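Worksheet: one structure, shown below.
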Amino acid sequence: MTLTVVGHGYVGLVTACVFADFGNTVYVIGRNEKKINELRKGNPLIYEPGLKEILQRNLQAKRIFFRLDYTSVSQSEIVFIAVGTPPKENGEADLSGVFEVSEKIAKNLSKKNDHFTVISCKSTVPVGTNKQIEKIIKNHTPKRVNFAVASCPEFLREGSAISDTLNADRVVIGSESKKAIEILLELHKPIEGKKIVTDLSSAELIKYTANAMLATKVSFANFISFFCEKTGADIETVLDAVGLDKRIGRVFMSPGVGFGGSCLPKDVMALISTGKKLNIDVSFLEAVVKINSQAKKNFLKKILSNHQGKNLAIWGLAFKPNTDDIRFAPSLFIIEKLLENDFQLTVYDQQALLNVKKIFKDKIRYTKDPYQAIKEKDGLVILTEWNEFRQVDLNRVRSLLKKPVIFDGRNLYQISTMKKLGFYYYSVGRS
Ligand code: UGA
């Protein structure tokens, strides 16, 4: 098939590369010439394991092409919209990008009688948006143009985006057009996972429900960790035991410094905003957000009340491991607050240093070596659970630090080990 993907962020580029790898011809549209030129050279612009290799492979095979114009739309059977829907000040999803590209797509649709185009939205959009997209397209294209809209939400996670796409738990296809559903089912044939065919509104809501549920699980784990800290109970033992109940499960229940990233915070806020418009009491979801912010504040309080000096190292800045993304990362809040309290900070992260440097510039120090970061420091703060921190040489850490203090926001180490090694060790929900 010939496809066009509008947008080359995590969702757009991964979708384009995976479908190109299956043998389709894929055109990717962007609006920044410099970025498009980099992509043409095989630079994915973001750090995502395996993405560079799959991009370069398909560039070489001439199955993926990067464009600034929309001319490929008229040749395509499917056009995916995969542009950002960032949060507005009031939490609502900003749909201006989606509507803008819908208009451009409409103006470039094939007018041939025998050509049918599916316009499928992969961007996360509130219920009802695909109907609006349909209206925009109808308003900007002659009546005889054959097209249908479909909602095809994306469930990939940053850091494991390619394997998540290939081994999806489910593929959701929402449309009112049988033909569009058939075409999308055909395209997704090589992808593992149950295919759920449904209406537009259900498809749109499935995406928000999934992210709201994931956010709720994290906040629930953090909520219980507050009880553990007041009572001496151990959060990991509590959750391990509770998680053995198959109805509950243990996955996505790691307590810590809260959820960040470009999706969970934004999508929970957007669902709250949609709920308010529909006159639904959204206090449940507001509590999820509140607990997330309490988790960060509690961790900060631990540092402020127990530090043994103000010269600290931080390991881990990305909002989660295996990405360089720092959008809504808990590290940003913690760094900002520590700076307000006159701490001197030296930070280390495998991938996210440059992005953090753009924000904090020379207010903090940056190092490419985790051991260098902790040398002669009054303590270490861990904010992202990169694998390299799990099995560090703790004896070396102990000897490099001036004060053996660790604030671990991801519960990476055993309390007994840390005690034996003589650390003052503060983690989450464990005494
Ligand atoms: C999330 C969803 O997991 C994907 O299914 C979805 O497609 C994506 O949003 C999206 O809407 O595009 P992502 O934001 O990449 O994916 O990352 P997650 O793995 O969900 O982690 C989100 C945040 O929750 C991270 O800050 C992570 O550290 C935190 N988290 C996660 C916890 O604090 N505890 C956990 O147990 C799990």
Side-chain angles (χ1 to χ4, degrees), residues 7 9-15 46-49 82-87 93 121-126 152-165 167-172 193 204 206-225 235-236 239-240 243 248-271 288-289 291-296 298-299 316-334 349 352 382-386 408-412 427-429:
Y10 284 92
V11 173
L13 192 57
V14 172
T15 302
I46 43 173
Y47 173 73
E48 179 62 39
V83 297
T85 52
C121 190
K122 276 216 167 273
S123 305
T124 302
V125 292
C152 214
E154 183 53 64
F155 300 98
L156 62 81
R157 290 164 297 174
E158 289 181 24
S160 52
I162 293 168
S163 64
D164 283 353
T165 307
N167 311 302
D169 291 330
R170 74 304 212 187
V171 171
V172 175
E204 290 165 332
I206 286 168
K207 172 69 190 183
Y208 280 98
T209 308
N211 276 2
M213 185 66 213
L214 291 170
T216 302
K217 286 190 94 174
V218 176
S219 275
F220 191 78
N222 282 325
F223 178 62
I224 299 300
S225 82
I235 187 69
E236 300 294 345
L239 291 174
D240 284 348
I248 300 171
R250 179 64 164 96
V251 282
F252 228 84
M253 293 261 271
S254 299
V257 273
F259 59 79
S262 67
C263 304
L264 301 195
K266 159 181 86 82
D267 293 348
V268 175
M269 292 308 293
L271 193 55
V288 169
V289 175
I291 292 163
N292 197 45
S293 122
Q294 266 172 13
K296 284 185 272 198
N298 274 10
F299 189 71
L317 304 168
F319 83 96
K320 61 183 269 188
N322 300 322
T323 179
D324 60 356
D325 197 343
I326 56 163
R327 284 175 287 177
F328 291 95
S331 65
L332 302 184
F333 169 82
I334 301 287
D349 186 286
I382 302 176
L383 297 177
T384 315
E385 69 280 32
W386 283 96
D408 177 0
R410 299 290 178 177
N411 289 358
L412 290 185
S427 51
V428 177

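In this text the structure is predicted, and so the values were computed from the model without any measurement. Both ligands and their constituent atoms are indexed starting at 1 by order of listing.
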Exercise: do Y10 and S262 side chains pair donor with acceptor under 3.5 Å: no
Donor-acceptor pair, side chain of T384 and main chain of P321, under 3.5 angstrom: no
Qualifying residues under side-chain hydrogen bond (donor to acceptor under 3.5 Å, both in side chains), relative to D164, sequence neighbours excluded: R157, S160
Neighbour list for ligand 1 [protein residues, heavy atom under 4.0 Å]: E154, F155, L156, R157, E158, K207, N211, L214, V218, F252, M253, S254, G258, F259, G260, C263, L264, D267, F319, K320, R410
Inter- and intrachain pairs under salt bridge (charged side-chain N to carboxylate O under 4.0 Å, His left out), touching residues 248-259, at least two apart: E236-R250, D240-R250
Listed partners of E204 passing salt bridge (charged side-chain N to carboxylate O under 4.0 Å, His left out), at least two apart: none
Heavy-atom donor-acceptor pair, K296 side chain to I334 backbone, under 3.5 Å: no
